[in-house]
There are 2 protein chains.
Amino acid sequence: MSVVLPPNVSEKDFQKALAAFAGVVGRQWVLATDEDRDSYMDIYAPGDADQHIPSAAVGPSSAEEIQAIVRIANEYKVPLWPISRGKNLGYGAAAPRMTGTVVLDLGRMKRIIDVNERFGYCLIEPGVGFFDLFDYLQQNKIRLWMSIPANAWGSVVGNALERGYGYTPYGDNTSHICGMEVVLANGEMVRTGTGAMSNSPCWQLFKYGYGPSWDQLFCQSNFGVVTKMGLWLMPEPEATLGLDMQLPNPDDVGWAIDALQPLRLNGVLLQNPSIGNSLRFVASATQRSQWYQGEGALPDDVLAEILKKSGFGWWNISLRLYGYDEVNQVHARIVKDAFAPHTKQEFKVSEWHRGDSIENSGAGVPSVNPLQIINWRGGRGGHIGFSPTLPAKGDLVLKQFHSTKKRYEEIGVDYYGSFTLFDRYTTNVNMMIYDRDDAALTRKVRDLFKVLVADAAKEGYSEYRTHISYMDDVARTFDFNDHALLRLNERLKDALDPNGILAPGKQGIWPKAYRASQA
Amino acid sequence: MSVVLPPNVSEKDFQKALAAFAGVVGRQWVLATDEDRDSYMDIYAPGDADQHIPSAAVGPSSAEEIQAIVRIANEYKVPLWPISRGKNLGYGAAAPRMTGTVVLDLGRMKRIIDVNERFGYCLIEPGVGFFDLFDYLQQNKIRLWMSIPANAWGSVVGNALERGYGYTPYGDNTSHICGMEVVLANGEMVRTGTGAMSNSPCWQLFKYGYGPSWDQLFCQSNFGVVTKMGLWLMPEPEATLGLDMQLPNPDDVGWAIDALQPLRLNGVLLQNPSIGNSLRFVASATQRSQWYQGEGALPDDVLAEILKKSGFGWWNISLRLYGYDEVNQVHARIVKDAFAPHTKQEFKVSEWHRGDSIENSGAGVPSVNPLQIINWRGGRGGHIGFSPTLPAKGDLVLKQFHSTKKRYEEIGVDYYGSFTLFDRYTTNVNMMIYDRDDAALTRKVRDLFKVLVADAAKEGYSEYRTHISYMDDVARTFDFNDHALLRLNERLKDALDPNGILAPGKQGIWPKAYRASQA
């Protein structure tokens, strides 16, 4: 059995730390064999998994155990990488940013502490998965809907902390966080918002409490370990109305964004519709070799053939209206009117009414089906997502789309992109699917990612989240006043975590101990 | 001319600091005479204005001047109290928490830097008042609506930073902040969100940027001086529909909250309706002596007479629907159906359509009329607001209302309260109107405030904002884990502001230099 150590920690001290961890959680929850470590590595890593090897993992069952672990970690200067369920697929999964970091696996903390139907919220621990919460709501006939990302293996808390998205009117999950319990790097426990008042009945009702509000400081950061989170859930509406359309041309995404953005801003569209190219759907149902055996990215004529046979459009729009049935009908007409000047196509309309099956309702219903895409190229599939945000404006969307597609074609990867429309901005998630057994392709994907970061930065765009391998690259593009915001984050990091225990390097924030050597 | 000094600063050093400030802003913008100081005191202070005497004021015209002032303040250990326009009436106005603090008056920074109609936002400086921005939008025929508090003398930026409220669907102003420019206590400038990327076009479009998000850390805090703020504005709707009703009985507020909360949560009601008792309206149009000459709080029979003659109800509900006309009609029916089981009264309906005058549209239209209430008792009027938040639940609302009203009656102040309904919570703003020339009454009001803070804390309720005189009292009620959140705030304060320059004592956060002596 090999040993992986954190930087600047002796094997003797490391073993002492593991023994002390075992004293807290029990020996069976300290995992440090080769197999254990493998299970926490990023199986989709773009050829650089050796940069992100955990030294061990420890699995607490409570916030109190986390407090004890953090205190031990400080004593031995052992860094910890908190994960909720480790399913941050495409962004590093369970693997730590820095080799040698101990994974702090919160997967055992699966309590659904409170669900309140009247006020539309839950209070949950980080190990609660989307399936867990969904089952709980269904079994208890609670008429609250979740907002769920395409792949639902992950943690509800982890997704909101990483600013992941679902597709209902509550799709911007992080904005629906209301109140947290957090263990700080010194082992202290805080509760945010009105939770800072020990008897408050408003912890999950009112975000801000009194004074500065910390919830968003614990998102995409390494300032604390979130042990409980309040999250708002949406009341089941009377009805939903789906409007689907396939757009035949690559440039149709431009006018579609321009037609939809005003309706997103004025509240006709309450959810964030995703406009995805066909590969998104084709790759989850078929393999590339069924369509094409040649070199390079899929040629246009092959793609045309795929569209013809599959029935998908170049872009595929799926809108959903939520509310009272009569209101949805009015809003549907307004959406149709906005599209009429641009296309002779009609939307495919689908309706759901309270009492119908929740499948196809437009509620968040968990699924792992979209993950099938990784088999597109054959071999051991991998995927990584490049996810910039840009203004929700057609000409800018088209420019970004063409620029990215060209980059894909340069290295022979099939373009797989989607634009998800919010009120004022759009996210542009671009998947790169590769065969991890193809070393040359994997290296090309790895290099392409840096090119895409640089291309976007020239336009002033940044990713809203990124893979652990590129956290520093993206952080460096935030250059205002000589990276003033990063330096502010570092000052807070040093004040809260002088030993650099929590998640070194997350989002480019390095504690003092590693700043010179790693960043 | 008397001299007021900051704690632990010699008169010589203080004069040097003022001279250095003058070197930055010009002599005419350093104000240190008795008259100058008077103009920055809280004219509504509940008899303790001597606790909050500024030593001077300095008025920069730019963020760069603020950077220079902050650096000088560090050199001489002179504390600064940033104000936007100093109209935080009822909460301390322009006066600093700690006597001797220099007011940093940002009222000269009045630039409207950007207004974007398509994306619904503005980027403004702290000196921009509600009237200024309103006039700009009207004059430029920009179809964006503001969210404005009852008294509109203040700063748009200041109101959002202090978590003030307006009454449109964007009424929760602080939640509509998107991107800030901030001068830190060391004179460094940061931009938050995507503004941390120097060429980002998304600064006012996407809140979170990359990594931890700081906007809410600069609200109700003393961690930086906000020099620019992005704020979302609402697109003008096609129509609005007003529904007004007077409720005759004190306990009607309970069922009204229970009837309206589900409609607030499910999006029928997009704005936060205010349910206010009659004194709110009566006191802005008449004086108490017209109705009653006796001792103590207004007797019930006098109040009944007032209601009869004035036409107001015990409680007065004013709802407003915003959207497409057809949709508003559907939603109005749903609201009426929700009230039907509780009352035989009909709502008074009013409609506004695009093109009609903006007055009575339900848009934010600035006014200072509500401030007339301070003349209610005669003499030099004063008012102070006690503003807890509680769950939006009828039984809890009734309990809180009766408990507060009883306290008012005990000291002979007329009950003046309102409940403003949000999706999950309600704020309960209770005004105490007094005659500052009546020393005994003023003292009673001052003491009552502490009793109300303690009463609320027993229920787990806290104010969402408070007067400078009670910032420590309210902070102390946040007791989870021995005030862990306050201690976290103090750690950040010490890391960012080791000399304790910025707003000592704001929201109970004291820098190290004053923690022992002041808190």
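Chain identifiers are assigned alphabetically (A, B, ...) following the order of the sequence lines, protein sequences preceding nucleic acid strands; residue numbering begins at 1 within each chain.
- Here CG of Leu161(A) is found 10.0 Å from CG of Leu231(A). Values are rounded to the nearest 0.5 Å.
- With 3.5 Å as the limit, one finds no donor-acceptor pair spanning the side chains of Tyr425(B) and Thr194(A).
- If you tally non-hydrogen atom pairs under 4.5 Å between each of Ile334(A), Leu390(A), Asp423(A) and chain B, the highest count goes to Ile334(A).
- Neither side chain, Gln507(B) nor Arg97(B), offers a donor N or O lying under 3.5 Å from an acceptor on the other.
- Looking at Trp232(B), the atoms closer than 4.5 Å to chain A (heavy atoms on both sides) sit in the backbone and in the side chain alike.
- Ring orientation note: the planes of Tyr464(B) and Phe206(A) are nearly perpendicular, at an angle over 60° on the 30°/60° scale.
- For a residue to count as touching a neighbouring chain, one of its non-hydrogen atoms must lie under 4.5 Å from one of that chain's; by this rule Phe218(A) touches chain B with the side chain only.
- Within the 4.5 angstrom heavy-atom criterion, no atom of Thr427(B) approaches chain A.
- Ring geometry, Phe478(B) versus Tyr210(A): the interplanar angle falls under 30°, so the pair is classed parallel (tilted spans 30 to 60°).
- Between the side chain of Asn428(B) and the backbone N or O of Gln400(B), no donor-acceptor pair lies under 3.5 Å.
- Looking at Asp325(A), there are no atoms closer than 4.5 Å to chain B (heavy atoms on both sides), in backbone or side chain.
- Ranked by heavy-atom pairs under 4.5 Å with chain B, the first of Ala457(A), Cys178(A), Pro169(A) is Ala457(A).
- Taking the six-membered ring where tryptophan is involved, the planes of Tyr170(B) and His176(B) are essentially parallel, since the angle between them stays under 30° and well short of 60°.
- For the options Val182(B), Leu485(B), Asn222(B), heavy-atom pairs under 4.5 Å to chain A are most numerous at Leu485(B).
- Residue contact with chain B, scored on non-hydrogen atoms closer than 4.5 Å, involves the side chain of Leu184(A) exclusively.
- With a 4.5 Å cut-off on non-hydrogen atoms, Phe119(A) touches chain B through its backbone and its side chain both.
- Heavy-atom distances place no part of Met234(A) under 4.5 Å from chain B, backbone and side chain included.
- In this structure, Arg424(B) fails the cation-pi test against Tyr121(A), since its NZ or CZ atom is not both closer than 6.0 Å to the six-membered ring centre and inside 45 degrees of the ring normal.
- When heavy atoms are compared at a cutoff of 4.5 Å, Glu236(A) does not approach chain B at all.
- Your options are Ala475(B), Gly267(B), Pro262(B), and the one with the most heavy-atom pairs under 4.5 Å with chain A is Ala475(B).
- Note that the CE atom of Met189(B) and the CZ atom of Phe480(A) stand 5.5 Å from one another [nearest 0.5 Å].
- The residue among Leu488(A), Asn489(A), Asn481(A) with the most heavy atom pairs within less than 4.5 Å of chain B is Leu488(A).
- When the candidates Ser221(A), Gly211(A), Ala495(A) are compared by the number of heavy-atom contacts under 4.5 Å with chain B, Gly211(A) comes out ahead.
- Comparing Pro201(A), Gly209(A), Cys219(A), Ser462(A) by heavy-atom pairs within less than 4.5 Å of chain B, the highest count is held by Pro201(A).
- Of the listed residues Glu238(B), Gln204(B), His331(B), Lys393(B), the one with more heavy-atom pairs under 4.5 angstrom with chain A than any other is Lys393(B).
- Heavy atoms closer than 4.5 Å to chain B are found nowhere in Phe422(A), neither backbone nor side chain.
- The salt bridge (Lys or Arg N to Asp or Glu O under 4.0 Å) contacts involving residues 177-188 of chain A comprise Glu181(A)-Arg191(A), Glu181(A)-Lys228(A), Glu188(A)-Arg487(B), where partners must be two or more places apart or lie in separate chains.
- For the set Asp479(B), Asn266(B), Thr174(B), Val330(B), the entry with the most heavy-atom pairs within less than 4.5 Å of chain A is Asp479(B).
- Heavy atoms closer than 4.5 Å to chain A are found nowhere in Pro237(B), neither backbone nor side chain.
- Options Val268(B), Ile509(B), Asp494(B), Thr477(B) differ in how many heavy-atom pairs under 4.5 Å they form with chain A, and the most are formed by Thr477(B).
- Side-chain atoms of Thr192(A) and Asp215(A) form a donor-acceptor pair, as typed in the model, at a separation below 3.5 Å.
- Between the Glu117(A) side chain and the Leu144(A) main chain, no donor and acceptor come within less than 3.5 Å of each other.
- Counting heavy-atom pairs closer than 4.5 Å to chain B, the top residue among Glu162(A), Glu459(A), Arg118(A), Lys207(A) is Arg118(A).
- Looking at Arg264(A), its side chain does come within 3.5 Å of a backbone N or O of Gln271(A) through a donor-acceptor pair.
- Considering only heavy-atom pairs separated by less than 4.5 Å from chain A, the leading option among Gly120(B), Ser213(B), Ser200(B) is Ser213(B).
- In terms of modelled atom types and a separation under 3.5 Å, the side chain of Thr227(B) and the main chain of Ala63(B) share no donor-acceptor contact.
- Looking at Asn186(A), only its side chain comes within 4.5 Å of chain B, counting heavy atoms on both sides.
- Contact annotation for Arg333(A): only side-chain heavy atoms (C-beta onward) come within less than 4.5 Å of a heavy atom of chain B.
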